[in-house]
Trainee: 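The structure follows.
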Amino acid sequence: MASKKEIVGNYEVINDREVITRREVLLMGAMAAGGLVAASPAFAATPKVIAEASGVAKATGDTPYVARDFSSLISKKMPGLSESQISQHIKLYQGYIGKANELNGKLKDPDLAGPNATYAPLREMLVEESYAVNGVVYHEYYFGNLGGKGGEPTGDLKAALEERWGSTGKFMDYLKAAGKCMRGWVVIGYNTRGNHLSAFGLDMHNMWSPANLVPILVLDVYEHAYMIDYGIDRGKYLDAFMSNLDWDVVAKRLSYSHKHPSGTDSTL
Ligand SMILES: [Fe+2]
C-alpha cells in the first residue's frame, strides 16, 4: 500500500500514524549520505524538500535560524491584543533571530583566548547564544499557541490537565497566577522525566529553562508582551492571552510530545 505523507509543521506524518521530526529526517538523510543506513521510503525525501515543505527552506549553515511568519496574528485582530502590540512583539522576535544567527556564526571560529569562568569572550558568546536561541524558540511557541478562540480544552489534553491539576478551571487559575509570579515565561509541557505535565517558570529566556520538558503551552509575561495595551496591568493581559489561546495547537503538541519525548521543534 502506498504510504501517505504530509508535513505538519516540522513533522512528517506517514499514514496518519508514524510521525518523525524534521530533525530526525535530516539526521537520517545525513546518515544515508554517509552510507550508515540504507535508503528507505520513509527517508526518501531530501532535506531540502522537507525543509521547503515545513516552511524553513531558507535556513543555511550560516543562518540556521529563519524567522517564522506570524503576521496572520496581526491580521486576525485578536480581541485584547492590538495590532501594534503584536507587531512590535514580532519585531522583537525577529531581532532574536538575527542575534542567534550572528552568534552561531561567531561560535564556529571563536576567540579561545583566556578561557575563564568569570569572563572570557567565548564564555560571553556561549551564555548569550542560549539567551538568543531560547528567545527565538520560546517566542515561536508563544506566537504558535495564539490566534485561537480560547475557551476550554478537550479530549486527551483536558484529561492530562485534569490529571495534573484536578480540573481545567484550576489549571487556568494556576497558569494565570504563575504568569503573575514570573518575569519572563511560564512553560507548560510534557515532563519526560516524570511522565506527566509540568509547569516551569523562567525569569529570562535562558534562566531555569527545563531540560526535561517538551513545551506544549508557552506564556510570555515579559512587560514587552503587554505594556502597549495594558501598561502594567498584567492581569488584563493574562485574560486576553487566555481568550486567544489556541487549544488545538496545544493538543497537537501534547500528542507529538508523547511520541517524541526527547524533544520537538517549535512549529505549532
Ligand atoms: Fe516576548
Trainee: Do Leu146 and Ile74 share a hydrophobic cluster (ILVMFWY, side-chain heavy atoms under 4.5 Å, transitive)?
Mentor: yes
Trainee: Taking only distance into account, with no hydrogens and no angle test, what donor-acceptor pairs under 3.5 Å do side-chain atoms of residues 161-169 form with protein atoms, sequence neighbours excluded?
Mentor:
| residue | atom | partner | partner atom | Å |
| --- | --- | --- | --- | --- |
| Glu162 | OE2 | Lys158 | NZ | 2.5 |
| Arg164 | NE | Leu197 | O | 3.0 |
| Ser167 | OG | Lys170 | N | 3.0 |
| Thr168 | OG1 | Glu152 | OE1 | 2.9 |

Trainee: Nearest 0.5 Å, please: how far is CE in Met204 from OH in Tyr131?
Mentor: 5.0 Å
Trainee: Is there a side-chain contact (heavy atoms from CB on, under 4.5 Å) between Leu202 and Tyr138? Walk through the geometry before answering.
Mentor: CA-CA 11 Å; Leu202 289 69; Tyr138 282 129; 3.5 Å; yes
Trainee: Could I get the full list of side chain to side chain donor-acceptor pair (under 3.5 Å) partners for Glu83, not counting sequence neighbours?
Mentor: Lys77
Trainee: Side chains of Leu238 and Leu175: does their closest heavy-atom pair fall under 4.5 Å?
Mentor: no
Trainee: When rounded to the nearest 0.5 angstrom, what distance separates NZ in Lys176 from CG in Leu219?
Mentor: 11.0 Å
Trainee: Evaluate the side-chain proximity of Val137 to Tyr65: yes if any heavy-atom separation is below 4.5 Å, no if none is.
Mentor: no
Trainee: Taking the side chain as every heavy atom from C-beta outward, state whether Met227 and Ile232 have any atom pair closer than 4.5 Å.
Mentor: yes
Trainee: Nearest 0.5 Å please: distance from the OH atom of Tyr226 over to the CG atom of Leu81.
Mentor: 13.0 Å
Trainee: Tell me whether Asp62 is salt-bridged to Lys108, with the criterion being a basic N under 4.0 Å from an acidic carboxylate O.
Mentor: yes
Trainee: If you measure from CH2 on Trp247 to CE on Met242, what distance do you get to the nearest 0.5 Å?
Mentor: 5.0 Å
Trainee: For the atom pair OH (Tyr119) and CD (Glu124), what is the distance rounded to the nearest 0.5 Å?
Mentor: 6.0 Å
Trainee: Would you say that His89 contacts His139 through its side chain, given a criterion of any heavy-atom pair below 4.5 Å between the two side chains?
Mentor: yes
Trainee: Which of parallel (below 30°), tilted (30 to 60°) and perpendicular (above 60°) describes Phe241 and Tyr142?
Mentor: parallel
Trainee: Any side-chain heavy-atom pair from Tyr222 and His205 closer than 4.5 angstrom?
Mentor: yes
Trainee: With rounding to the nearest 0.5 angstrom, report the CG to OH distance, Leu213 to Tyr190.
Mentor: 10.5 Å
